[in-house]
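Remember, it's a predicted structure, so these values are computed and weren't measured experimentally.
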Amino acid sequence: KVAQPVSQKKLGLQDKDAFKERARKALLRKQYNVFDFYHTEGICQLIARHYIFDNLTVSIVALNAIWIAIDIDYNKSAILTEADTVFQVVEHTFCSYFFLEIMIRFGAFASKRRALMDPWFLFDAALVMNMVVETWLVPIIIIAAGTDAADVLNISFLRMMRMVKLLRLSRISRFIRSVPELVIILKAMGFAARSVLVFFFVWLVIIYIFAVVLRQATDSSTVGMSLFPSVPEAMNTLLLDGLLADYSPMIKSLGNQSPILWIIGLAYVLLVAITVLYMLVGCLVEAVGAIASSQKEGLAISYVAGTVRAKMESLGHSPEGTISLESFQQYLTDSEIAGILSSVKVDVVILGEMLEMVYEDLERQGESMTFERMIEFMLNGRGSNTATVRDIKELLRMVQSTIQRSGAETSKRLTEELNIVTSTLQTWREEADADSDDSSLEPSPTVRALKQPQGAFSLKPKVSASTSPVAIQGW
């Protein structure tokens, strides 16, 4: 049996070209934007849409993340009412801003049901609710009870409240979303997670094998009792001292016991700590490169698609309908769209020259120009794109189709011209026959020539004085 090739997916090594292609197709569709579900007028939507409000919120989130560290180090009180004044003021300030921010966003939604379907809004609302309970509700209950916190709440509950504060750190995801470089790093970590697990498994196998060998080789020796008393302890020593720490103490200890043990330990370090480790680094670098490339591609697609979509809607054209040749030419000649395409290295002039050929090819295939095809055609016009076998095949197909179309048109025209010539000669022959039947005079040279068989036609007829100009013109 012929062995089938193992797919990259089964190996855990991702195909970055396929990843970019999937991301590109996904980004060609209209992207989810929470602003599309806001009111078109009103103070709440005006504030929620403004970039200053968004940047201010991100800054407050970053400050709150820093404040959490300060609060943990210097605030020893379990609840806010027993903390120093500065901690109470800062906590009430943060809580007030986040509560106001979530209420503005909720008021901006045209449909409140849509707000309950937005995942990021629900996530932020849950964090704000937790903060309100901790900052406002619990102190109010304690003050209303009129006793100390220890009398109202047990110790375990107070410790849980301290731990709940750590949930605020999840709000830092809002800050991460606003920094594209951080998004690339996080996506790269997720992208390479499967490959990293494969390398960790290789580490585990190698560590286990060497742990068994060293446990057996150092049995009843000083080194074995101190470093490898059992297989699990040997694996722990090899992992912590051999892979994650400086290697010289372990290798020296093995060398003092036996040169063979020194060679075994050195081989372990070279194999695991250097070879596999650098393979892992290379895998992570490739993953980061693939994610960075796809992110750049995604930003370009979103930028071009969003701008062209907005321009089409401003002109009264529907992005969901068919795009005509005239409309496409109108978009390319628009200064705003042309500038955007030029910014992503698209040659607008070449696109304009190829439009008619592309539309003719679509018409022959019985297809039409859609919004997704238009954006893909625009982005394919970048000079930095690499030509693939698929591109060459498509080019050959279009050239072959053009040659076939031109040959068919030429053959059709020749057939039409020959039919006209044949019809004209037939008409003249019939007129000549009719004239010869009605006239008793000697037939003219033209009549005699028309009556001759086709093989007897002369290309250089003799022109006599009696030949009329009409006959000469007919020849």
Side-chain angles (χ1 to χ4, degrees), residues 23 25-62 95-129 131-132 171 173-180 183 298-324 326-328 330-341 343-344 369-376 378-379:
K25 290 182 179 179
L27 288 168
L28 282 176
R29 297 188 295 267
K30 186 176 181 180
Q31 300 299 301
Y32 176 81
N33 189 355
V34 69
F35 293 165
D36 297 336
F37 304 101
Y38 283 176
H39 285 291
T40 56
E41 56 185 13
I43 186 65
C44 288
Q45 64 87 25
L46 183 63
I47 297 176
R49 293 175 186 270
H50 207 281
Y51 71 95
I52 294 181
F53 176 74
D54 186 66
N55 293 337
L56 179 62
T57 301
V58 172
S59 302
I60 296 297
V61 168
C95 187
S96 300
Y97 179 83
F98 288 128
F99 181 78
L100 177 63
E101 184 254 351
I102 203 69
M103 293 306 297
I104 290 176
R105 289 168 58 188
F106 183 74
F109 278 95
S111 174
K112 308 309 175 187
R113 182 181 301 178
R114 173 56 65 175
L116 301 179
M117 298 172 60
D118 186 83
W120 283 111
F121 178 83
L122 293 177
F123 176 76
D124 293 338
L127 292 180
V128 171
M129 185 180 299
M131 196 172 188
V132 168
R171 188 181 285 112
S173 60
R174 177 75 176 271
F175 175 77
I176 294 176
R177 280 184 296 159
S178 62
V179 183
V183 175
L299 291 175
I301 294 173
S302 300
Y303 184 43
V304 174
T307 306
V308 175
R309 187 184 297 272
K311 191 65 177 180
M312 291 179 65
E313 292 175 351
S314 65
L315 295 175
H317 300 166
S318 175
E320 307 301 329
T322 302
I323 301 172
S324 63
E326 293 75 14
S327 299
F328 204 152
Q330 182 180 3
Y331 303 149
L332 291 181
T333 54
D334 184 84
S335 58
E336 182 180 0
I337 295 179
I340 291 174
L341 294 178
S343 64
V344 294
M369 179 66 72
T370 60
F371 178 79
E372 289 77 11
R373 284 178 176 170
M374 180 179 67
I375 299 299
E376 185 175 3
M378 288 179 175
L379 295 176

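For Phe106, the side-chain contact (heavy atoms from CB on, under 4.5 Å) test picks out Lys112, Ala115, Phe121, with sequence neighbours left out. By the salt bridge (charged side-chain N to carboxylate O under 4.0 Å, His left out) test, Asp334 pairs with Lys311, sequence neighbours left out. The side-chain contact (heavy atoms from CB on, under 4.5 Å) check on Thr307 picks up Tyr303, Glu336, Ile340, with sequence neighbours excluded. With sequence neighbours excluded, the residues satisfying side chain to side chain donor-acceptor pair (under 3.5 Å) with Asp118 are Tyr32. Contacts of Tyr331 classified as side chain to side chain donor-acceptor pair (under 3.5 Å), with partners at least two apart in sequence or in another chain: His317. Qualifying ring-ring contact (aromatic ring centres under 6.0 Å, His included) partners for Phe53, counting only residues two or more places apart in sequence or in other chains: none. The side-chain contact (heavy atoms from CB on, under 4.5 Å) test applied to Leu332 returns Phe328, Leu341, Val348, Leu351, Leu355, Met378, not counting sequence neighbours. Contacts of Ser59 classified as side-chain contact (heavy atoms from CB on, under 4.5 Å), with partners at least two apart in sequence or in another chain: none. Here Phe35 pairs with Tyr38 under the ring-ring contact (aromatic ring centres under 6.0 Å, His included) rule; sequence neighbours left out.
Electrostatic pairing of Arg309 and Glu313 does not count as a salt bridge here, judged by no charged N lying under 4.0 Å from a carboxylate O.
The shortest distance between side-chain heavy atoms of Val61 and Phe98 falls below 4.5 Å. The shortest distance between side-chain heavy atoms of Arg105 and Val34 does not fall below 4.5 Å.
The stretch residues 43-54 participates, sequence neighbours left out, in these salt bridge (charged side-chain N to carboxylate O under 4.0 Å, His left out) pairs: Asp54-Arg174.
Looking at every heavy atom in both residues, Ala125 comes nearest to Ile102 through N-CD1, 3.8 Å. Heavy atoms only, all atoms of each residue included: Cys44 and Gly107 are closest at CB-C, 3.8 Å. Nearest heavy-atom pair, Gly42 versus Gln45, reported as atom, atom and distance to 0.1 Å: O-NE2, 3.1 Å. Scanning both residues, Phe109 and His39, for their nearest heavy atoms gives O-NE2, 3.2 Å.
To the nearest 0.5 Å, the span separating CD1 on Ile301 from CG on Leu379 amounts to 6.0 Å. Here the CD-CD1 distance, from Glu101 to Ile104, works out to 7.5 Å after rounding to the nearest 0.5 Å. Taken from CG in Leu100 to CD1 in Ile47, the straight-line distance is 7.5 Å, to the nearest 0.5 Å.
Test Met312, Arg373, Gln330 against Ile323 for side chain to side chain contact (heavy atoms under 4.5 Å, CB included) and you get one pass: Met312.
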